[in-house]
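Everything numeric in this text was worked out from a predicted model, so none of it was measured.
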Amino acid sequence: MEATALSSGFHPLVKRNGYRVPRSCSQRKFVSLVCCDLKDRSFGLNKESKPEGSSIAITRRGLSFKTNVFEQARSVAGDTSFDDTTTAKTRSHVAEDKIGVLLLNLGGPETLNDVQPFLYNLFADPDIIRLPRPFQFLQGTIAKFISVVRAPKSKEGYAAIGGGSPLRKITDEQADAIQMALQAKNIAANVYVGMRYWYPFTEEAVQQIKKDKITRLVVLPLYPQYSISTTGSSIRVLQDLFRKDPYLAGVPVAIIESWYQRRGYVNSMADLIEKELQTFSDPKEVMIFFSAHGVPVSYVENAGDPYQKQMEECIYLIMEELKARGVPNNHKLAYQSRVGPVQWLKPYTDEVLVDLGKSGVKSLLAVPVSFVSEHIETLEEIDMEYRELALESGVENWGRVPALGLTPSFITDLADAVIESLPSAEALSKPNAAASDDSESSDAFSYIVKMFFGSILAFVLLLSPKMFHAFRNHII
């Protein structure tokens, strides 16, 4: 039932063991997502050029009011502070509105039985597998096939880290911490958590936001850098939900699209790196190895995804901060977690590790730069697979910087980002009832077409061992 619904464009709103968010200020927290705009991005959403029917207002001031991308020649040390004007505006909004904060994240299977349906949800996302328009009706069928083929190997990975992803637990803890940080700054807010591919789904969080009558919302994706496949995908879902609902369409929303350039984030990363370097016998000889989640090259070259550029800027800022602290170590950036036969951003983490080991690097500190929570890519892929590969290739001393998690300076900076974004929230346009009706009719027709042609394709694939093995060899 769930797979069928998702393949036809419907997302489940089932409350699994009860929806853990929202939490009121006196009980639990509500998570909001804040997006920052990106310069010169053709596909991006912004205040000046908002797609027709869009229900979410997006600010155009960088990540925050006070902290934009740092000047290349300057150190990023120091704390963010608010001026009197920003503080006054924020307090006026706080006094008038019921504030919500929506934290967006990927989600992850909590048990081994969840792995295959989680993978289905992931690959059914058109922002993950980008099919040409004539073939988009096959999205659900292809997602089903890939999820079934990949599930056994993925289950092995999750079994190795305890039988499930810790991402939901960690994200809930981050939401609680952000709520407390806001309270310490005299901001009462409900914090919600919305996951893209597993419980609690973004749709569940949005329904709770409506139920709680939130009047001003900040959306904060827990991805430091913007990508079509992460923040972009979640924003697309939010736009659709808000556009179709009269109440939500009128709620002022501020979206922070990326925040890798914030002073608090950069300093927090530098702190963790500096601390881990001290665990080596000779810290100055350690290679700092940044490993970021990859994306297909086509996202960057054809769709204008700013992810690669932002990642490179992020590494530059962190290394400049370390140099300012007297940490001149060499560093390297590579991309991990590629899937399928298409070309992904290079260099690849596994290949670079082999090259570094063979070139004589003996001490290496891995830094998971695109992750703020521990999950399978850090606990299994980096800690197990890449560590073993590095040691086999000649590296003798291995270390790994933990994900930011609940680091106090990091949490405080996210709370500051929420506060800074509040005055920029804008009311959403009213939905078009006729368009909504047309959309429902179109969804019904699309569902029938997908089921018909999808069944034919599935039948053909099942009867073609050569095609099955070809897919299997490329996908697993």
Side-chain angles (χ1 to χ4, degrees), residues 21 29 31-36 63-64 67 76 80 101-108 161 165-181 191-198 218-227 229-234 255-273 275-276 290-295 307 310-311 313-315 317-318 321 333 335-337 366-383 400-418:
V21 236
K29 79 261 168 191
V31 182
S32 126
L33 308 178
V34 184
C35 299
C36 27
L63 202 282
S64 70
T67 310
V76 294
T80 301
V101 178
L102 174 59
L103 301 183
L104 298 179
N105 213 331
L106 187 78
I161 62 171
S165 172
L167 190 59
R168 176 173 179 171
K169 177 178 181 294
I170 295 172
T171 306
D172 282 340
E173 291 172 347
Q174 289 172 326
D176 287 330
I178 291 172
Q179 183 203 12
M180 289 189 290
V191 181
Y192 305 81
V193 170
M195 300 294 192
R196 183 66 181 88
Y197 305 115
W198 204 242
V218 175
V219 176
L220 176 59
L222 292 178
Y223 311 109
Q225 304 82 18
Y226 180 99
S227 175
S229 59
T230 53
T231 299
S233 177
S234 292
I255 303 178
I256 301 176
E257 286 189 356
S258 62
W259 35 269
Y260 68 93
Q261 71 274 55
R262 287 190 63 86
R263 204 174 295 273
Y265 168 74
V266 172
N267 286 347
S268 296
M269 289 295 296
D271 289 343
L272 292 179
I273 293 171
K275 179 180 179 181
E276 289 300 318
F290 294 96
S291 186
H293 200 292
V295 299
Y307 178 75
Q310 290 191 5
M311 184 59 67
E313 290 177 348
C314 177
I315 303 307
L317 293 172
I318 294 172
E321 173 61 21
L333 167 64
Y335 297 90
Q336 67 179 84
S337 308
V367 183
V369 68
S370 55
F371 313 106
V372 299
S373 305
E374 303 290 356
H375 57 307
I376 192 167
E377 278 86 356
T378 60
L379 299 174
E380 195 271 338
E381 194 169 4
I382 295 179
D383 288 354
R400 203 262 284 181
V401 170
L404 286 165
L406 299 176
T407 301
S409 59
F410 167 61
I411 294 296
T412 298
D413 190 62
L414 289 184
D416 287 341
V418 169

Practice task
State, to 0.1 Å, how close Arg400 and Ile382 come at their nearest heavy-atom pair, and which atoms those are.
Solution key: CG-CG2, 3.8 Å
Fill in the blank from the handout: Rounding to 0.5 Å, atoms CG (Asp176) and CD (Glu173) come to a distance of 7.5 Å
Handout entry: Side-chain donor/acceptor of Gln174 to backbone N/O of Ile411, under 3.5 Å
Key = no
Problem - Reported OG-to-CZ distance for the pair Ser234 and Arg196, which is rounded to 0.5 angstrom - result: 6.0 Å
Handout entry: Contact summary for Arg168 and Met195, nearest pair of heavy atoms
Key = CA-CE, 3.8 Å
Handout entry: Donor-acceptor contact present, side-chain Ser268 to main-chain Gly264, <3.5 Å
Key = yes
Exercise for the section: Would you mind telling me which of Asn267, Val367, Ile273 makes a side chain to side chain contact (heavy atoms under 4.5 Å, CB included) with Ile318? Expected result: Ile273
Practice task
Look at the aromatic rings of Phe410 and Trp259 and report parallel, tilted or perpendicular, splitting at 30° and 60°.
Solution key: tilted
Practice task
Taking the side chain as every heavy atom from C-beta outward, state whether Ile315 and Val369 have any atom pair closer than 4.5 Å.
Solution key: yes
Handout entry: Audit row: Leu414, Leu222, side chain to side chain contact (heavy atoms under 4.5 Å, CB included) steps and yes/no
Key = CA-CA 9 Å; Leu414 289 184; Leu222 292 178; 4.2 Å; yes
Handout entry: Side-chain donor or acceptor of Gln336 paired with backbone N/O of Glu377 under 3.5 Å
Key = yes
Problem - Audit row: Arg262, Asp416, side chain to side chain contact (heavy atoms under 4.5 Å, CB included) steps and yes/no - result: CA-CA 10 Å; Arg262 287 190 63 86; Asp416 287 341; 3.7 Å; yes
Exercise for the section: Look up atom CH2 in Trp198 and atom OG in Ser165, then write down how far apart they are to the nearest 0.5 Å. Expected result: 11.5 Å
Practice task
Would you confirm whether Thr378, through its side chain, and His375, through its main-chain N or O, come within 3.5 Å as a donor-acceptor pair?
Solution key: yes
Handout entry: Gln310 side-chain N/O to Tyr226 backbone N/O, donor-acceptor pair under 3.5 Å
Key = yes
Handout entry: Residue pair Val401 / Pro368: nearest heavy atoms and the distance that separates them
Key = O-CD, 3.2 Å
Exercise for the section: Using modelled atom types only, decide if a donor and an acceptor are shared between the side chain of Tyr265 and the backbone of Cys314 within a distance under 3.5 Å. Expected result: no
Handout entry: Steps toward side chain to side chain contact (heavy atoms under 4.5 Å, CB included) verdict (Ile376, Ile161)
Key = CA-CA 7 Å; Ile376 192 167; Ile161 62 171; 4.1 Å; yes
Practice task
Please tell me if the side chains of Thr230 and Pro221 come closer than 4.5 Å, counting only heavy atoms from C-beta onward.
Solution key: no
Fill in the blank from the handout: Residues Ala292 and Leu333: closest non-hydrogen pair is CB-CD1, 4.2 Å
Practice task
Give a yes or no answer on whether the side chain of Ser373 reaches the backbone of Leu167 with a donor-acceptor pair at less than 3.5 Å.
Solution key: no
Exercise for the section: Enter the distance from Asp413:CG to Arg263:CZ here, rounded to the nearest 0.5 Å. Expected result: 10.0 Å
Practice task
Consider only side-chain N and O atoms of Tyr260 and Glu313, and report whether a donor and an acceptor are under 3.5 Å apart.
Solution key: yes
Completion exercise
Between Ala181 and Ala415, the two heavy atoms sitting closest are CB-CB, 3.7 Å
Problem - Where Met311 and Ser370 come nearest, the two heavy atoms and their spacing - result: CE-CB, 3.7 Å
Problem - Under 3.5 Å: donor-acceptor pair, side chain of Tyr223, backbone of Leu106 - result: yes
